[in-house]
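Below is one structure, written out as structure tokens, with a few remarks after it.
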Amino acid sequence: MREAKIAADLPDAAATSIYVAKDGKYLGVIYLADIIKANAASTVQALTHCDACKIRSVVMLTGDKSEVAADVCAAVGISRFAADLLPEDKLEAYERIDPSEGTRVFIGDGINDAPVLMASDVGVAMGGIGQAAAIEAADIIIANDNLEKFHQVLHISKKTRSVVRQNIVFALSIKFLVLVLGALGYASMWSAVFADVGVALIAVFNSLRILKSPV
């Protein structure tokens, strides 16, 4: 508008602005902005106030303007953000997050998020609206794009880790016991079969409990 020398009021809004003029006369402005998901604020609040989740902080990395990022963070309850980021800038911003804070999980859906999803400790992509590059780079895919499902992902992960530990301890304990009994001459062939095949089957049946786990 200034280059065309069209007199216009050009407000600085926290959105993408499209200014419209016709025959040298200013007509108005159209603002374009992403709509925040209805459950975004409740999801962030649930995660940050969940003692079992042990989430220390939530950070938003975005290519949007700082004004847009600040408004979104204020609306959903995020205190830290970095804005105006190109794909390589997102990766640098991610790497600046101190690894000593814990496991760094990155959630994204765009092609610009693919480098960070690939480099992150755990990458989570939205399967519905996500770009193919982001989905291929992610470790976990949320098929229905529901942010609240991330809480379910954490629950399943913790449950799975617990079951895996149970299986490892159980299997090694039984094998070690049969090994000692065999060395002392008390273990039979059937004991060895149970320590091998039987323990494997019990571990599989124990793992099936994950399917029945409430979420």
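As the structure is a computational prediction, the values presented were derived from the model and not from experiment.
- Residue Arg104 holds its CZ atom at 7.5 Å from CD of Glu95, rounded to the nearest 0.5 Å.
- Under the rule for a side chain to side chain donor-acceptor pair (under 3.5 Å), Asp139 has no partner lying at least two apart in sequence or in another chain.
- Residues passing the side chain to side chain donor-acceptor pair (under 3.5 Å) test with Ser42, sequence neighbours excluded: none.
- Counting heavy atoms from C-beta outward, Ile107 and Met126 have side chains that approach closer than 4.5 Å.
- A distance of 10.5 Å separates CD1 in Ile78 from OG1 in Thr62, rounded to the nearest 0.5 Å.
- Considering all non-hydrogen atoms of both residues, Gly102 and Asp121 come closest at O-OD2, 4.3 Å.
- Partners of Asp89 according to the salt bridge (charged side-chain N to carboxylate O under 4.0 Å, His left out) rule, which considers only residues two or more places apart in sequence or in another chain, do not exist here.
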I'd like to know whether Phe106 forms a side-chain contact (heavy atoms from CB on, under 4.5 Å) with Leu61, so could you lay out the CA-CA distance, the side-chain angles of the two residues, the decisive distance to 0.1 Å, and finally the verdict.
CA-CA 9 Å; Phe106 184 81; Leu61 307 179; 4.0 Å; yes

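- Tracing side-chain contacts under 4.5 Å through hydrophobic residues (I, L, V, M, F, W, Y), one reaches Val44 starting from Val124; they form part of the same cluster.
- Note: the hydrophobic cluster containing Val59 does not contain Val105 (ILVMFWY, side chain heavy atoms under 4.5 Å, direct or indirect links).
- The side-chain contact (heavy atoms from CB on, under 4.5 Å) search around Asp98 returns Ser100, Glu101, not counting sequence neighbours.
- Ile97 and Ile55 fall into different hydrophobic clusters, where Ile, Leu, Val, Met, Phe, Trp and Tyr are joined by side-chain heavy atoms under 4.5 Å apart, directly or via other members.
- Residues satisfying the side-chain contact (heavy atoms from CB on, under 4.5 Å) criterion with Ser66, sequence neighbours excluded, are Ala83, Asp84.
- Not counting sequence neighbours, the partners of Asn167 by the side chain to side chain donor-acceptor pair (under 3.5 Å) test are Asn206, Ser207.
- Contact annotation: the side chain of Leu117 never approaches that of Tyr94 to less than 4.5 Å [non-hydrogen atoms, C-beta and beyond].
- Every residue two or more places apart in sequence or in another chain that forms a side-chain contact (heavy atoms from CB on, under 4.5 Å) with Ser162 is listed here: Gln166.
- No single ILVMFWY cluster, assembled from side-chain heavy atoms under 4.5 Å apart, contains both Phe205 and Val169.
- Hydrophobic cluster membership for Ile168: Val164, Leu172 (Ile, Leu, Val, Met, Phe, Trp, Tyr linked by side-chain heavy atoms under 4.5 Å, directly or transitively).
- At a threshold of 4.5 Å between non-hydrogen side-chain atoms, the residues Val76 and Ile36 count as touching.
- In this structure, CG on Asn146 lies 5.0 Å from CG on Asn39, to the nearest 0.5 angstrom.
- Crowding of Met118 atom CE: a count of heavy atoms from other residues, nucleotides or ligands under 6.0 Å not exceeding 12.
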Cut-off 3.5 Å, no hydrogens considered: what does the side-chain donor-acceptor table look like for residues 183-197, sequence neighbours left out?
unit_1 : atom_1 : unit_2 : atom_2 : d
Ser188 : OG     : Trp190 : N      : 3.4
Ser188 : OG     : Ser191 : N      : 3.4
Ser188 : OG     : Ser191 : OG     : 3.4

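- Within the 4.5 Å cutoff, the side chain of Phe81 has no heavy atoms near those of the Val72 side chain.
- Side-chain contact check for Leu47 versus His151: some heavy-atom pair is nearer than 4.5 Å.
- In this structure, Leu86 shares a hydrophobic cluster with no other residue, the cluster being traced through Ile, Leu, Val, Met, Phe, Trp and Tyr side chains under 4.5 angstrom apart.
- Note that CD1 of Ile142 is 9.5 Å distant from NZ of Lys149, once rounded to the nearest 0.5 Å.
- Put simply, the side chain of Glu88 does not reach to within 4.5 Å of the side chain of Pro115, judged on heavy atoms.
- Annotation for Ala21 and Ile6: closest pair CB-CD1, 3.7 Å, computed over non-hydrogen atoms.
- The line from CD1 of Ile135 to CG of Asp113 is 12.0 Å long, rounded to the nearest 0.5 Å.
- Arg80 places no side-chain N or O within 3.5 Å of a backbone atom of Ser57 that could act as its donor or acceptor partner.
- In this structure Phe170 satisfies the side-chain contact (heavy atoms from CB on, under 4.5 Å) test together with Ile174, Val199, Ile202, sequence neighbours excluded.
- Cluster membership check: Val122 shares its hydrophobic cluster with Met60, using side-chain heavy-atom separations under 4.5 Å among Ile, Leu, Val, Met, Phe, Trp and Tyr.
- How far CZ of Arg209 is from OG1 of Thr160: 10.5 Å, rounded to the nearest 0.5 Å.
- Applying the 6.0 Å contact sphere to CD1 of Ile111 captures no more than 12 heavy atoms from other residues, nucleotides or ligands.
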